[in-house]
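Every heavy atom of this structure was used, including side-chain atoms; hydrogens, water molecules and symmetry mates were not.
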Amino acid sequence: MGDILLENTLSGRKEPFVPLHDGEVRMYTCGPTVYDSAHIGNFRTFVFQDILRRFLLLRGFKMLHVMNLTDVDDRIIQNAAAAGITIFEYTRKHTQAFLEDMAALNIESPEHLIRATDHIEDMVALIERLAEKSITYSTDGSIYYRIAKFPGYGKLSKIDLTGIQAGARVELDRYEKADARDFALWKAPKPGEHFWQTRIGPGRPGWHIECSAMAMKYLGETIDIHTGGVDLAFPHHENEIAQSEAATGKPFAHFWLHAEHLIVEGEKMSKSLGNFFTLRDLFAKGYKPSTIRFLLASVPYRRQFNFTFDSLQQAASSVERLRNFVYRLQNEKFPDGPNPAMASRIQQAEDDLHHGLEDDLNTAQALAAIFDLVRDVNTAIDRGEFHAGDAPRTLIAMTIFDAIFAVLPDDDAEKLRALGFGAAGAAEVGDAEIETLVAERQAARKRRDFSTADRIRAQLDERGIILEDTKDGGVRWKRK
């Protein structure tokens, strides 16, 4: 196994990853702002972060991983006020839904899953440190960060600050690059808004100070890896760097990793276009959690992801192919003894899997290594060249694969029921997926792999599809 290369947004190039503390990775993940249900674009980023975490664990590192839940910001305050409830009541249901969605996609929980509202004192203390260094100024009860005092501002997002008006302020937590200017660390309360009474005055924190304070509290003043979606590079992560490094005089994070945007059927996802989907929207259409996880993991995180329903169908078929392969290894009878040539082939697949992931988490290359192995082993089985002694070694390779991709356990129906959906979601399985499974069953019958054929028939029956074998060796299907 070689070095792990990660593309660092800060430097703009791939760099060998070496943690600051021997054997331990300290990583901070920007979690969701719990003002609404997270959408599939959010989960594209969270699945990437999970792949990274799992790969580092597989390579023997101990993880100290923090994910925040932003449970106070402009939108939360506005929505809670409109609903006539507290921000805590408002965010509770969205937080619970996010945790359930994480579990459905087999996204591992970090060592610390923390809420912004539990760390107000830490944010106040960090603002005080900045004030001591004359980085801040106050206006009408709010406290702002003076970006002109931080010469490195813009080094992450590479924005051009030429022409930025000194002292111009932006009030919103989220804004475009054209609005780069002094930003709020602490916001004075407006009538009817929730606020905290603190020694720097009444109010609530700005979004950006939250992550700086929490990351340094749990991980130290310099961390190994900071992750998030590419949309967070500016202003959020740029402001985190400015706050943290101005306070400490040290680098805030050595590696910045950003997942690219997800688009839907070639267009930007938006509610107005009718192509905005949460996980639950897809579950209701009959798609499985494992299918969605596989698809979100299949495109390397630095590439833009075009989410299509055709690709979801293909992902469903890919997961079934992998599960049927493992089932075949576990249940079919093979000739005694090992085949030395197979041991070499299996090791090559494992090496290729690692090489792909070492190259900035190239999940497409890693998946190709495993599907090539599946193809070659199935061919060897059909030719009688795969022996009983080869099966345990192949299963180990599949276990290593699933330590990263986490799609092999057939527990989708259980997960969906826990979320209030039927075994296959609330909608019927699509025709294209049925045809694919029927074709896989026919191929299994042709090679006399009757255990896999029976398993596929049972899967379709559970999903309301009846198969009828015809006299000419074909098959018809119908819905119950």
Engineer: Kindly indicate whether the side chain of Leu10, heavy atoms from C-beta on, has any atom under 4.5 Å from the side chain of Phe255.
Structural biologist: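 Not in contact.
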Engineer: What do the steps show when you test Thr248 against Glu221 for side-chain hydrogen bond (donor to acceptor under 3.5 Å, both in side chains), and what is the final call?
Structural biologist: CA-CA 7 Å; Thr248 68; Glu221 293 182 341; 4.8 Å; no
Engineer: Taking atom types as modelled and ignoring hydrogens, do the side chains of Asp351 and Gln347 form a donor-acceptor contact shorter than 3.5 angstrom?
Structural biologist: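 Result is yes, a qualifying pair exists.
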Engineer: Looking only at atom types and distance, does a side-chain atom of Asn339 sit under 3.5 Å from a main-chain N or O of Glu385, one as donor and one as acceptor?
Structural biologist: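 Present.
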Engineer: Within the side chain of Asp281, is there an N or O that forms a donor-acceptor pair under 3.5 Å with the backbone of Thr278?
Structural biologist: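 Judged by distance alone, yes, a pair lies under 3.5 Å.
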Engineer: Identify the two heavy atoms, one from Thr70 and one from Ala116, that lie closest to each other, and give their separation to 0.1 Å.
Structural biologist: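 Result for this residue pair: CA-CB, 4.4 Å.
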Engineer: Between Lys155 and Glu245, does any NZ, NE, NH1 or NH2 come within less than 4.0 Å of an OD or OE carboxylate oxygen?
Structural biologist: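 Yes.
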Engineer: I'd like to check the side-chain contact (heavy atoms from CB on, under 4.5 Å) partners of Glu260; sequence neighbours left out, ordered by chain and number.
Structural biologist: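 For Glu260, the residues satisfying side-chain contact (heavy atoms from CB on, under 4.5 Å) (neighbours in sequence not counted) are Arg44, Val230.
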Engineer: Compare all side-chain heavy atoms of Leu58 with those of His354 and state whether any distance is below 4.5 angstrom.
Structural biologist: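 In contact.
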Engineer: Flag the pair Phe17 / Val25 as yes when at least one side-chain heavy-atom distance between them is below 4.5 Å, and no otherwise.
Structural biologist: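 A side-chain contact under 4.5 Å exists here.
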Engineer: Going by side-chain contact (heavy atoms from CB on, under 4.5 Å), name the residues that satisfy it together with Thr291, two or more places apart in sequence or in a different chain.
Structural biologist: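 Scan of Thr291 (side-chain contact (heavy atoms from CB on, under 4.5 Å), adjacent residues dropped) gives Lys288, Leu312, Ala315, Ala316.
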Engineer: Looking at Arg53 and Glu111, does any basic side-chain N land under 4.0 Å from a carboxylate oxygen?
Structural biologist: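 Salt bridge: yes.
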Engineer: Under 4.5 Å between any side-chain heavy atoms of Leu373 and Phe401, yes or no?
Structural biologist: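 They are not in side-chain contact.
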Engineer: Not counting sequence neighbours, which residues clear side-chain contact (heavy atoms from CB on, under 4.5 Å) with His119? List them please.
Structural biologist: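 Applying side-chain contact (heavy atoms from CB on, under 4.5 Å) to His119 gives Ile114, Asp122, Met123, Met214, Lys217, Tyr218.
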Engineer: Using a 3.5 Å distance criterion without hydrogens, assess whether the side chain of Asp71 forms a donor-acceptor pair with backbone atoms of Thr117.
Structural biologist: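 Side chain of Asp71 to backbone of Thr117, a donor-acceptor pair under 3.5 Å: yes, one is there.
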Engineer: Please name all residues satisfying side-chain contact (heavy atoms from CB on, under 4.5 Å) with Asp411, sequence neighbours left out, ordered by chain then number.
Structural biologist: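 Asp411: side-chain contact (heavy atoms from CB on, under 4.5 Å) contacts with Pro409, Glu414, Lys415.
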Engineer: Determine yes or no for a side-chain-to-main-chain donor-acceptor pair under 3.5 angstrom, with Asp390 supplying the side chain and His387 the backbone.
Structural biologist: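 Checking the backbone N and O of His387 against the side chain of Asp390, a donor-acceptor pair under 3.5 Å is found.
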Engineer: What is the ring orientation for His236 with His208, classed by angle as parallel under 30°, tilted 30 to 60°, or perpendicular over 60°?
Structural biologist: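 Because their plane-to-plane angle lies in the 30° to 60° range, the rings of His236 and His208 count as tilted.
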Engineer: Given 3.5 Å as the limit, does a donor-acceptor pair link the side chain of Asn42 with the main chain of His39, or not?
Structural biologist: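 Yes, Asn42 side chain to His39 backbone: donor-acceptor pair under 3.5 Å.
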Engineer: Looking only at side-chain N and O atoms, does Arg445 offer a donor or acceptor that is under 3.5 Å from a partner on Gln442?
Structural biologist: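 Arg445 and Gln442 do have a side-chain donor-acceptor pair below 3.5 Å.
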Engineer: Just wondering, do Asn8 and Trp256 contact through their side chains at under 4.5 Å, heavy atoms?
Structural biologist: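 Yes; the side chains approach each other to less than 4.5 Å.
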Engineer: Can you tell me how far the CG atom of Leu353 sits from the OG1 atom of Thr363, to the nearest 0.5 Å?
Structural biologist: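 The CG atom of Leu353 sits 10.5 Å away from the OG1 atom of Thr363.
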Engineer: I need the minimum non-hydrogen distance between Asp402 and Leu408, along with the two atoms involved.
Structural biologist: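 What the structure gives for the nearest pair is OD1-N, 3.0 Å.
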Engineer: Evaluate side-chain hydrogen bond (donor to acceptor under 3.5 Å, both in side chains) for Thr379 paired with Asp382, printing each intermediate quantity in order.
Structural biologist: CA-CA 5 Å; Thr379 299; Asp382 295 341; 5.6 Å; no
Engineer: Would you check if Met269 and Ile40 make a side-chain contact, meaning some heavy-atom pair closer than 4.5 Å?
Structural biologist: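 The answer is yes, as the side chains (C-beta and beyond) meet within the 4.5 Å cut-off.
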Engineer: Can you spot which of Tyr301, Phe43, Phe55 makes a ring-ring contact (aromatic ring centres under 6.0 Å, His included) with Phe48?
Structural biologist: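 Per the ring-ring contact (aromatic ring centres under 6.0 Å, His included) rule, the option paired with Phe48 is Tyr301, out of Tyr301, Phe43, Phe55.
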Engineer: Going by the salt bridge (charged side-chain N to carboxylate O under 4.0 Å, His left out) test, which pairs reach into residues 297-308, not counting sequence neighbours?
Structural biologist: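 Checked against salt bridge (charged side-chain N to carboxylate O under 4.0 Å, His left out) - neighbours excluded - no pair reaches residues 297-308.
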Engineer: Hey, is Lys14 close enough to Asp3 for a salt bridge, meaning N to O under 4.0 Å?
Structural biologist: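 Looking at Asp3 together with Lys14, the answer is no, because their closest N to O distance does not fall below 4.0 Å.
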Engineer: Say whether, by atom type as modelled, one donor and one acceptor occur between the side chain of Asn306 and the main chain of Glu265 under 3.5 angstrom.
Structural biologist: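 Side chain of Asn306 to backbone of Glu265, a donor-acceptor pair under 3.5 Å: yes, one is there.
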Engineer: Run the salt-bridge test on Arg323 and Asp412 with the 4.0 Å N-O cut-off and return the result as yes or no.
Structural biologist: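 Yes, charged N to carboxylate O under 4.0 Å.
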Engineer: Aromatic contact between Phe98 and Phe46, with the criterion being ring centroids under 6.0 Å apart: yes or no?
Structural biologist: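 Yes, close enough.
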Engineer: Please answer whether the main-chain N or O of Pro340 pairs with a side-chain N or O of Ser344 as donor and acceptor at a distance below 3.5 Å.
Structural biologist: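 Not confirmed, Ser344 side chain does not pair with Pro340 backbone.
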Engineer: Any non-hydrogen side-chain atom of Ile159 less than 4.5 Å from a side-chain atom of Tyr153?
Structural biologist: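 Result yes, sub-4.5 Å side-chain heavy-atom pair found.
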Engineer: Salt bridge check: are Arg457 and Asp454 linked by an N-O gap of less than 4.0 Å?
Structural biologist: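 Asp454 and Arg457: not salt-bridged.
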Engineer: Please collect all salt bridge (charged side-chain N to carboxylate O under 4.0 Å, His left out) contacts where either partner lies in residues 224-240, sequence neighbours excluded, each pair once.
Structural biologist: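 Every pair satisfying salt bridge (charged side-chain N to carboxylate O under 4.0 Å, His left out) with a residue in residues 224-240: there are none.
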Engineer: Does the Arg26 side chain pair with the main chain of Leu219, one donor and one acceptor, at a distance under 3.5 Å?
Structural biologist: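 Answer holds: yes.
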Engineer: If you measure from the Lys or Arg side-chain nitrogens to the Asp or Glu carboxylate oxygens, is any gap between Arg280 and Asp101 under 4.0 Å?
Structural biologist: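 Counted as a salt bridge, because a side-chain N and a carboxylate O are separated by less than 4.0 Å.
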Engineer: For Pro251, is there any backbone N or O sitting under 3.5 Å from a side-chain donor or acceptor partner on Thr222?
Structural biologist: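 Yes; judged by distance alone, with no hydrogens or angles, the pair exists.
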Engineer: Say whether, by atom type as modelled, one donor and one acceptor occur between the side chain of Asp73 and the main chain of Trp207 under 3.5 angstrom.
Structural biologist: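 No, because the side chain of Asp73 does not come within donor-acceptor range (under 3.5 Å) of the backbone of Trp207.
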Engineer: Is any side-chain heavy atom of Asp372 closer than 4.5 Å to a side-chain heavy atom of Arg345?
Structural biologist: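 Yes, at least one pair of side-chain atoms sits under 4.5 Å.
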Engineer: Under 4.0 Å between a Lys/Arg side-chain N and an Asp/Glu carboxylate O for Asp50 and Arg54?
Structural biologist: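 Yes, Asp50 and Arg54 are salt-bridged.
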Engineer: Could you give the distance from CZ (Phe405) to OG (Ser290), rounded to the nearest 0.5 Å?
Structural biologist: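 Reported value, rounded in 0.5 Å steps: 14.0 Å.
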